[in-house]
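Quick note: numbers below take in every heavy atom, side chains included, and nothing from hydrogens, waters or symmetry partners. Order of listing sets the numbers, starting from 1, for every ligand and every atom in it.
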Amino acid sequence: MADTDFDVIIIGSGPGGYVTAIRAAQLGFKTAIIERDYLGGICLNWGCIPTKALLRSAEIFHYLQHAKDYGLTVEKVGYDPTAVVKRSRVVAKRLNDGVGFLMRKNKVAVIWGEAALQTPGRVAVKAARSEAPKGALGPGTYQAKHVILATGARPRVLPGLEPDKKLVWTYFEAMAPDRMPKSLLVVGSGAIGVEFASFYRTLGAEVTVVEVLPQILPAEDAEIAAFARKAFEKQGIRILTGAKVTKLDKKADSVTATIDDGKGGTQTLTVERAISAVGVIGNIENLGLEKLGVKTERGMIAVDSFNRTSVPGIYAIGDVSGPPLLAHKAEHEGIVCIEAIKGLKPHPMDRHLIPACTYCSPQIASVGLTEATAKAQNREIRVGRFPFVGNGKAIALGEDQGLVKVVFDKATGELLGAHMVGAEVTELIQGYVIAMNLETTEAELMHTIFPHPTLSEMMKEAVLDAYGQVLNI
Ligand SMILES: Cc1cc2nc3c(=O)[nH]c(=O)nc-3n(C[C@H](O)[C@H](O)[C@H](O)COP(=O)(O)OP(=O)(O)OC[C@H]3O[C@@H](n4cnc5c(N)ncnc54)[C@H](O)[C@@H]3O)c2cc1C
């Protein structure tokens with residue numbers, strides 16, 4: 001095989017692309033990955049990981065401010081915004097280097113540049129604007145029997161709310177601010193908007209969140225979202241729901257937003273900075289898709305349950321193949337896709353079992369059906385709840401505000417969904433995800449012994465509550 005010929009070429013090295021490349025190499029495919037910007041994609045460089053580093057700084061700052069509650073004395077609490085951002089960038093760089101290491105370890109060729117399909121098995125690569133990592137192959141034409149598109153997504157831009165990098169930010173600028181704004185407007189209350197609202201509020205900014213839908217965190221269970229809203233408002237975050245930012249007027253160092261309150265009125269709000277967090281759109285342009293007849297739907301590449309596109313030999317995974325736009329969805333899709341290419345007959349991904357986590361304070365985590373979606377499907381359900389205030393570990397941690405909620409099918413005892421808000425719930429949810437993958441019933445969950453004292457005990461108590469057997473409340 002010539003140096004430009006591969007079994008599999010993956011375009012995009014985010015969590016979808018790079019994980020698929022490793023699995024492809026494990027399966028014996030001669031594999032190449034093409035990247036134009038950063039190894040690790042949005043997730044490692046401008047998404048999941050650097051935001052969690054920022055939120056960690058904010059969390060520690062919060063604890064230091066409340067040191068007295070724990071019997072501790074701290075003389076002076078403060079922060080250096082440049083150092084907070086620097087730490088987050090160092091964390092991102094470390095993971096970006098890690099992907100380079102993993103590619104070398106698995107003998108995946110890295111090709112540096114902007115890729116486009118010429119024909120189903122032929123990819124043209126133009127020079128990238130960014131600097132290539134050591135050892136990467138350069139521009140040229142490359143061939144492979146299978147081409148997997150993992151090109152990810154970018155911020156959606158709404159008319160009137162166009163980001164300008166200075167006053168109106170996307171997540172890129174919000175993650176590396178030149179200084180901490182005293183006041184901030186966040187447009188959109190999905191996971192990205194809420195995480196930034198939480199970060200900036202904890203560090204002292206006056207934060208207003210405007211959401212067009214009636215509830216914040218629109219994809220979450222209504223009761224959990226309402227609980228989170230109360231907690232955010234208690235922290236001083238101002239939240240407007242059912243309201244729409246229609247215009248952002250930029251001045252020299254401030255932005256004035258016009259907000260339609262959804263009840264026939266408008267108001268204006270002047271802030272130092274605004275973040276547009278109104279969703280993302282797929283990177284489907286300039287890939288040669290139209291020419292080859294690759295079908296797209298609502299700005300994403302249409303795929304079947306093994307991520308095959310409408311053109312044989314071309315596949316799409318991750319954000320570019322549609323929601324949910326989550327790193328673990330991208331990774332899992334990639335594994336299923338490459339194993340199917342190999343002929344291993346993997347199970348298609350069960351979208352119902354993809355967990356969702358938001359790392360604000362308090363954290364939010366969920367999997368499966370919400371109470372409302374279960375009812376909308378005309379299911380007879382049993383709902384169980386357990387509040388953090390009834391859990392010894394939560395009280396010992398000083399984190400007694402939160403809720404665990406479970407939704408069961410009344411007839412079969414099947415766990416249909418689990419929803420949580422509170423400290424560390426993003427680490428807890430996986431227990432329910434495993435249970436649901438194993439099609440566990442309420443009886444098996446009740447029979448399971450949870451260690452004491454842990455926050456996880458609330459997961460069992462919520463199940464017990466659904467069946468009238470709750471103990472500690
Ligand atoms: C602020 C923020 C926080 C987030 N937090 C979380 C979180 O906590 N948990 C979670 O699960 N998800 C989170 N996400 C979402 C997560 O980042 C994405 O779901 C994930 O990155 C998608 O992975 P991907 O592989 O599909 O694409 P990406 O990570 O977007 O990678 C795509 C790559 O393809 C490259 N590319 C595109 N076109 C070309 C081309 N023509 N040629 C060469 N290269 C190309 C891009 O440069 C990019 O590196 C967050 C996102 C943001 C923005």
Side-chain angles (χ1 to χ4, degrees), residues 9-21 32-55 88 92 95-96 99 110-117 123-130 132 136 139 142 147-156 169-176 186 188 190-196 199 275-289 300-301 307 316-334 337 354-360 363-365 426 429:
I9 288 180
I10 298 156
I11 305 179
S13 73
Y18 92 79
V19 166
T20 309
I33 194 160
I34 309 178
E35 176 56 59
R36 63 183 179 189
D37 272 333
Y38 311 90
L39 286 175
I42 290 297
C43 170
L44 269 54
N45 296 283
W46 294 102
C48 322
I49 300 295
T51 45
K52 275 52 228 189
L54 293 176
L55 286 160
S88 162
L95 283 143
N96 163 275
V99 174
V110 173
I111 303 170
W112 208 249
E114 174 100 27
L117 284 155
V123 181
V125 180
K126 287 192 301 195
R129 276 167 298 171
S130 57
Y142 295 87
V147 178
I148 302 177
L149 304 169
T151 52
R154 62 183 186 279
R156 179 186 296 281
W169 293 343
T170 65
Y171 50 78
F172 289 105
E173 296 80 32
M175 218 166 311
V186 180
I192 294 176
V194 162
E195 286 186 8
F196 281 121
F199 169 72
I275 299 177
S276 172
V278 292
V280 296
I281 52 166
N283 291 327
I284 58 170
E285 299 81 6
N286 308 319
L287 286 169
L289 302 184
M300 303 292 188
I301 300 174
N307 295 84
I317 61 163
D319 281 5
V320 78
S321 73
L325 305 170
L326 294 167
H328 42 281
K329 174 260 192 187
E331 290 180 18
H332 196 76
E333 263 185 340
C337 175
I354 302 173
C357 295
T358 307
Y359 300 77
C360 44
Q363 296 182 353
I364 290 123
T426 57
I429 193 70

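Here's the thing with G16: one of its N/O atoms is less than 3.5 angstrom from an N/O atom of ligand 1. At a 3.5 angstrom cut-off on N or O pairs, A327 counts as close to ligand 1. Ligand 1 has no nitrogen or oxygen under 3.5 angstrom from a nitrogen or oxygen of F196. Remark: ligand 1 and I192 share no N or O pair separated by less than 3.5 Å (distance only, no angle test). The shortest N or O to N or O distance between I42 and ligand 1 is below 3.5 Å. Inclusion of C357 in the set of residues having an N or O under 3.5 Å from an N or O of ligand 1 is not warranted. The N/O atoms of D319, backbone and side chain alike, include one that comes under 3.5 Å of an N/O atom in ligand 1. Any N or O atom pair closer than 3.5 Å counts here, and W46 shares no such pair with ligand 1.
Under the 4.5 Å side-chain criterion, counting only non-hydrogen atoms from C-beta, F196 is in contact with T51. When side chains are defined from C-beta on, V110 does not count as touching E35, because their heavy atoms never get closer than 4.5 Å. Taking 4.5 Å as the limit, every side-chain heavy atom of C337 sits out of range of all side-chain heavy atoms of T20. Here the side chains of I284 and M300 are not in contact, with every heavy-atom distance at 4.5 Å or above. The closest side-chain heavy-atom distance from N45 to D37 is not below 4.5 Å. Taking 4.5 Å as the limit, some side-chain heavy atom of L39 sits within range of a side-chain heavy atom of W112.
Looking at every heavy atom in both residues, L44 comes nearest to I49 through O-CB, 4.0 Å. Annotation for P15 and G40: closest pair CD-O, 3.8 Å, computed over non-hydrogen atoms. Residues G113 and V125 come closest through the heavy atom pair CA-CG1, 3.6 Å. Across all non-hydrogen atoms, the minimal contact from I33 to A21 is CD1-CB, 4.1 Å. In plain terms, the two heavy atoms of R156 and V280 that are nearest each other are NH2-O, 3.5 Å. Annotation for L326 and D319: closest pair N-OD1, 3.7 Å, computed over non-hydrogen atoms.
Contact annotation: E331 has no heavy atom less than 4.0 Å from any atom of ligand 1. Ligand 1 lies within reach of I11, whose nearest heavy atom is under 4.0 Å from it.
Only the backbone of A150 comes within 4.0 Å of ligand 1, judged by heavy-atom distances. Only side-chain heavy atoms of L287 come within less than 4.0 Å of ligand 1; its backbone N, CA, C and O stay farther off. Neither the backbone nor the side chain of A128 comes within contact range of ligand 1; no heavy atom lies under 4.0 Å. Of the heavy atoms in K52, only side-chain atoms (C-beta onward) come closer than 4.0 Å to ligand 1.
The closest protein non-hydrogen atom to atom 33 (C) of ligand 1 is E35 OE1, 3.6 Å. Here the heavy atom of the protein found nearest to atom 2 (C) of ligand 1 is G47 CA, 3.4 Å. At the top of the distance list for atom 41 (N) of ligand 1, counting protein heavy atoms only, stands A115 O, 3.1 Å. Counting protein heavy atoms only, atom 44 (N) of ligand 1 is closest to R36 N, 3.4 Å. Of the protein's non-hydrogen atoms, C48 SG, 3.7 Å is the one closest to atom 9 (N) of ligand 1. Nearest non-hydrogen protein atom to atom 27 (O) of ligand 1 is G152 CA, 3.3 Å. The nearest heavy-atom contact from the protein to atom 15 (C) of ligand 1 is L325 O, 3.6 Å. Regarding atom 43 (C) of ligand 1, its nearest protein heavy-atom neighbour is G113 O, 3.3 Å.
Between the side chain of K329 and the backbone N or O of G318, at least one donor-acceptor pair lies under 3.5 Å. With E114 contributing its side chain and R36 its backbone, the two residues share no donor-acceptor pair below 3.5 Å. Side-chain N or O atoms of E195 include none that pairs as donor or acceptor with a backbone N or O of I192 at under 3.5 Å. Using a distance-only test at 3.5 Å, with no hydrogens or angles considered, no donor-acceptor pair links the side chain of T358 to the main chain of A191. For S13 (side chain) and Y38 (main-chain N/O), a donor-acceptor pair under 3.5 Å exists by modelled atom type. Judged by distance alone, the side chain of T151 and the main-chain N or O of N283 form a donor-acceptor pair under 3.5 Å.
Against a heavy-atom cut-off of under 4.0 Å, D37 is close to the following atoms of ligand 1: 47 (O). Short contacts between ligand 1 and C43, defined as distances under 4.0 Å to a heavy atom of the residue, involve ligand atoms 17 (O), 21 (O), 29 (O). Which parts of ligand 1 touch E114 is read off a 4.0 Å heavy-atom cut-off, strictly below it: atoms 41 (N), 42 (N). Numbered from 1 in the order shown, with element, the atoms of ligand 1 that lie under 4.0 Å from a heavy atom of I34 read 43 (C), 44 (N). Listed by number with element, the atoms of ligand 1 under 4.0 angstrom from any heavy atom of T151 are 32 (C), 34 (O), 37 (C), 38 (N), 39 (C). Within ligand 1, counting atoms from 1 as listed, the ones closer than 4.0 Å to a heavy atom of L326 are 10 (C), 11 (O), 12 (N), 19 (O). Those atoms of ligand 1 that come under 4.0 Å of a heavy atom in A153, given as number and element, are 30 (O). Atom numbering of ligand 1 starts at 1 in the shown order; those under 4.0 Å from a heavy atom of Y171 are 1 (C), 53 (C).
Between P323, G14, P15, it is P15 that holds the heavy atom closest to atom 23 (O) of ligand 1.
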